[in-house]
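Each ligand, and each atom within it, is numbered from 1 in the order the structure gives. Keep in mind that the numbers below use all heavy atoms, side chains included, and drop hydrogens, waters and symmetry copies.
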Amino acid sequence: MEPLLLTPGPLTTEPRVRAAMQVDLGSRDPAFLAVTARIQAGLLALLPEPEAFVAIPVQGSGTFAVEAMLGSLVPRDAGVLVLVNGVYGARAAEILTRIGRRVLPLVTPEEQAPDLDLLERRLRADPGISHVVAIHCETTTGQLEPIAEIARITAACGRRLLVDAMSSFGALSLEGVVADAFAASSNKCLEGVPGLGFVLVRRDCLQAGLCHSVALDLHAQWSRLAKDGQFRFTPPTHVMLALDEAIRLHAEEGGVEGRGGRYRENLRILVDGLTAMGFVPLLPADRQAPIIVTFHSPSDPVWDFPTFYEALRSRGFAIYPGSLTQTPTFRVGCIGQVFPADMHRFVEVVREVVAELGLKKLSPELS
Ligand SMILES: *Cc1c(COP(=O)(O)O)cnc(C)c1O
């Protein structure tokens, strides 16, 4: 039996999504061009102002889309402030450094919210900063970043915002989030299979010849798609057939609101259940996104993540290790084809495993 994936992606997908891949379509076949166009329209429809944006698919995992966004939209002489409180903010800064942009990371500890007063002071003090890069949900911890506030401050200071919306797109509203671009991928809250990233870019922001990379050049990718509906290089046809079906399912579930609603219910059952047992979440409820939850590792001397993982795995659930540098943690995802009934079952299984392993002290040592 395959376990249910309580991870940040790849996720458990709907059988209809996997079944959609059982077709070999030529990349120039009119049926495939229609799939591409439908996906583009479907992605745009999830934005508050769809007509102002274009949807540009990029082959690869989510990071390829982030790298395409940064390389294609940040001018060579730009200064970029990157909000960093986790792995993905740090990765955006690393990409920008690698491609030779002037990067100004604004680093806050992983379990803390970004310092918005400091953001504003930095922007006002340094006119050389033209862009801000922010993560919507920092998947490292599951933190919901104050993206609307970040957007408001960035716009008030006359700067441009680029958003990594990878783990939130399709489940969390972007209402009021004014930005030049949003990057996301097929295999997170849209519940497709991995293999396609995409960037939704404000129409007037695309500029020819800016990107350092041929394969990741969003302007070139967009020009070709606008010309004849085709990719420049081999598209992941099966992945896109699956995404086309996944977007249909997303609409059937009630769009961003419906999907986000189910994830919020999953979150509530998970956090209530594990907290009642004595586990302690890393983040306060008001900064917890309904995507993935970080729990402190229990301080009980018998605690061993691989043993805990295996015991849950053998009962049908795959969880995720933590990735915090300072604090020992583990993570449990709320996204994918996972429903409240599954979450209730998961909580019961955790209770069984805790008893079986003889775990008594589930809270962390608070020093
Ligand atoms: C998953 C994720 C990415 C992309 O990761 P890949 O492993 O390249 O798909 C980027 N940013 C965030 C916030 C993510 O959650």
Discussion item. Between ligand 1 and E138, can you find any atom pair, the residue atom being a heavy atom, that is separated by under 4.0 Å?
Written reply: no
Worksheet item: What do you reckon, does S168 put a non-hydrogen atom under 4.0 Å from ligand 1?
Response: no
Any ion pair linking [Y] and [X] (charged N to carboxylate O, less than 4.0 Å)?
{"X": "E348", "Y": "R351", "value": "yes"}
{"X": "D244", "Y": "R248", "value": "yes"}
{"X": "R18", "Y": "E245", "value": "no"}

Practice prompt. Would you please indicate if the ring centroids of F308 and F330 are separated by under 6.0 Å?
Written response: yes
Discussion item. Determine whether the aromatic ring centres of residues F198 and F182 are separated by less than 6.0 angstrom.
Written reply: no
Proximity of [X] to ligand 1 by residue part, where a heavy atom lies under 4.0 Å:
{"X": "I135", "value": "side chain"}
{"X": "P8", "value": "neither"}
{"X": "T63", "value": "both"}

Worksheet item: How far is atom 11 (N) of ligand 1 from its nearest protein heavy atom, and which residue and atom is that?
Response: D164 OD2, 2.6 Å
Worksheet item: At what distance is the nearest protein heavy atom to atom 1 (C) of ligand 1, and which residue and atom is it?
Response: K188 NZ, 1.2 Å
Subset of ligand 1 atoms that lie under 4.0 Å from at least one heavy atom of [X]:
{"X": "T139", "answer": "12 (C), 13 (C), 14 (C), 15 (O)"}
{"X": "G62", "answer": "4 (C), 6 (P), 8 (O), 9 (O)"}
{"X": "S167", "answer": "15 (O)"}

Worksheet item: Does K188 make a cation-pi contact with Y88 (under 6.0 Å, within 45 degrees of the axis)?
Response: yes
Practice prompt. Check whether NZ of the Lys or CZ of the Arg R331 lies under 6.0 Å from the centre of the six-membered ring of F295 and within 45 degrees of that ring's axis.
Written response: no
Discussion item. Using a 3.5 Å cut-off on N or O atoms only, is S61 in polar contact with ligand 1?
Written reply: yes
Worksheet item: Under 3.5 Å between some N or O of ligand 1 and some N or O of C137?
Response: no
Discussion item. Rounded to the nearest 0.5 Å, what separates atom CG in L196 from atom OG1 in T237?
Written reply: 11.0 Å
